Amino acid sequence: MKTLSIHSAIGNSEILVGETLVNVGTYLPKNRKIAIITDKNIRSLYGSQFPQADVIIEIPEGENNKVLHTLENIFEQLVAAEFDRTSFILAIGGGIVCDVSGFAAATFMRGIDFGFVSTTLLSQVDASVGGKNGVNFKGFKNMIGTFCLPRFVICELNMLTSLPTSELLSGMAEVVKHGAIADPDLFEYIEQNPDKVLAYDAEALERFVYDSVVIKSTIVNKDAKEGGARRFFNFGHTFGHAIEKNTKMPHGYAVSIGMVIASKMSAARGLLSQHDVDRIIAVLQALGLPTECEIEPIALFEALKRDKKRDGDGIHFVLLDKIGNAVVEKLSLNELEQIIHDLR
Ligand code: GLY
């Protein structure tokens, strides 16, 4: 097991890469009420390894259930089980379970302690690390939420081998993102080993999780609330979220296309070489991720206008000046409208 720490403006968190669900009891507070929040699939696969809890709350699966109504159900069950401010929430699941549970814990009675057992590649390399939580609202991603760190995050590597390929690839899009914005060696390793990804090679998966957590914890330690470097993690996500909203494709797939658009924009602005754009497209294609899609420009622009990263009449847009180095430029909505037009 490898341990990394976040000590940031929004609190502290221990990330335990390679720790297992059966050991989670060691990290839970004693003599306090415990609620486990999970989903049906995870409970059916791993319920026999769950620790003792006062209540187990199952939330429905799927991005369309990452909504306020799901939180209401959680709060109802916590109240019914007489939870108080000393109680603890343990989320066991992927990105949706962790995002919703983190938000529930951050807001129930103005905030109670919580921890995660993160079960998917996407949540281990991104969603469960760094304290962002929340739900979608009116179809817009993560519109309502808080920054609040779990006490611990267990990245259960054993569970990755049973992920469906689409889940694995969705997580890999975020790993490619981390290479592209901050780690050229990681990027090169993925370029050289797409076969290991598709074979669920244990050593490769451990590297993807560990390297990603190193990048996330280093940046979150400096900029927890996304005023500066944390914005880099939004590479591919401005168009990605707009594509996800309009096509309902998995998050990582939409981010993959978003990264291609952002890379082409970086080249068009004279920042990134065409060679690096081609490398980014090639690595995504080698993994089997999509690099383009058909979408109405008007719908894309409408979704962009409501992006969380909007600031007045512009959006802080993440570009690359080489593989391994991100830069942020504020682009006006007019410029983005023109870019969408030119993409056609
Ligand atoms: N998922 C992007 C971030 O944690 O900042």
Side-chain angles (χ1 to χ4, degrees), residues 4-15 17 63 66 91 93-103 106 114 116 118 120-136 140-150 152-153 155 167 170-183 186 208-245 250-256 258-259 262 307-311 315-320 326-328:
L4 290 146
S5 302
I6 295 180
H7 297 291
S8 72
I10 57 168
N12 304 325
S13 189
E14 295 289 310
I15 327 292
V17 177
E63 193 67 32
K66 193 176 150 183
I96 294 172
V97 168
C98 292
D99 277 3
V100 172
S101 306
F103 188 34
F114 63 108
F116 293 155
S118 178
T120 65
L121 187 64
L122 183 67
S123 74
Q124 294 183 11
V125 301
D126 188 23
S128 69
V129 178
K132 280 187 180 177
N133 59 53
V135 293
N136 305 331
F140 294 102
K141 285 278 288 185
N142 304 328
M143 264 294 178
I144 302 179
T146 74
F147 289 98
C148 186
L149 283 168
F152 61 81
V153 181
C155 297
E167 271 284 348
S170 220
M172 278 312 297
E174 299 288 355
V175 182
V176 171
K177 178 191 82 178
H178 289 148
I181 63 170
D183 189 342
L186 173 62
F208 298 144
V209 175
Y210 183 73
D211 287 3
S212 294
V213 176
V214 168
I215 293 166
K216 279 214 83 170
S217 52
T218 307
I219 291 184
V220 171
N221 277 338
K222 286 190 238 153
D223 173 32
K225 285 208 167 177
E226 204 171 293
R230 189 165 185 170
R231 289 197 175 123
F232 297 160
F233 293 124
N234 294 326
F235 177 59
H237 281 60
T238 304
F239 279 102
H241 281 165
I243 292 166
E244 188 177 350
K245 179 178 185 323
H251 177 70
Y253 286 50
V255 167
S256 174
M259 287 194 286
D307 192 283
K308 288 189 301 308
K309 296 171 283 300
R310 180 165 171 184
D311 176 355
I315 291 185
H316 292 284
F317 204 93
V318 187
L319 301 164
L320 300 179
V327 289
V328 176

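These figures come from a predicted structure and were not determined experimentally. Note that ligands are numbered from 1 as they come in the structure, with each ligand's atoms numbered from 1 the same way. Positions are given from 1, in the same order as the sequence printed here.
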request  = Could you tell me which non-hydrogen atom of K132 sits nearest to which non-hydrogen atom of F147, and how far apart they are?
outcome  = CG-CE2, 3.7 Å
inquiry  = What protein heavy atom lies closest to atom 5 (O) of ligand 1? Include the residue and the distance to one decimal.
reply    = R230 NE, 2.7 Å
key: Non-hydrogen atoms of N142 and D99 that approach each other most closely   = OD1-OD2, 4.0 Å
task = Would you mind listing which atoms of ligand 1 come within a distance below 4.0 Å of any non-hydrogen atom of D126?
result = 1 (N), 2 (C), 4 (O)
Partner of V129 by side chain to side chain contact (heavy atoms under 4.5 Å, CB included), out of I6, I215, L4, L149 = I6
inquiry  = Under a 3.5 Å threshold, yes or no: a donor from one side chain and an acceptor from the other, between D211 and H178?
reply    = no
query = Mind checking whether K177 has an N or O less than 3.5 Å away from an N or O of ligand 1?
reply = no
inquiry  = So, regarding K132 and ligand 1 (criterion: nitrogen or oxygen to nitrogen or oxygen, under 3.5 Å), is there a contact or not?
reply    = yes
request  = Write down the atom of A9, the atom of A224, and the distance for their closest heavy-atom approach.
outcome  = N-CB, 4.4 Å
note = protein heavy-atom neighbour closest to atom 4 (O) of ligand 1 works out as K216 NZ, 2.5 Å
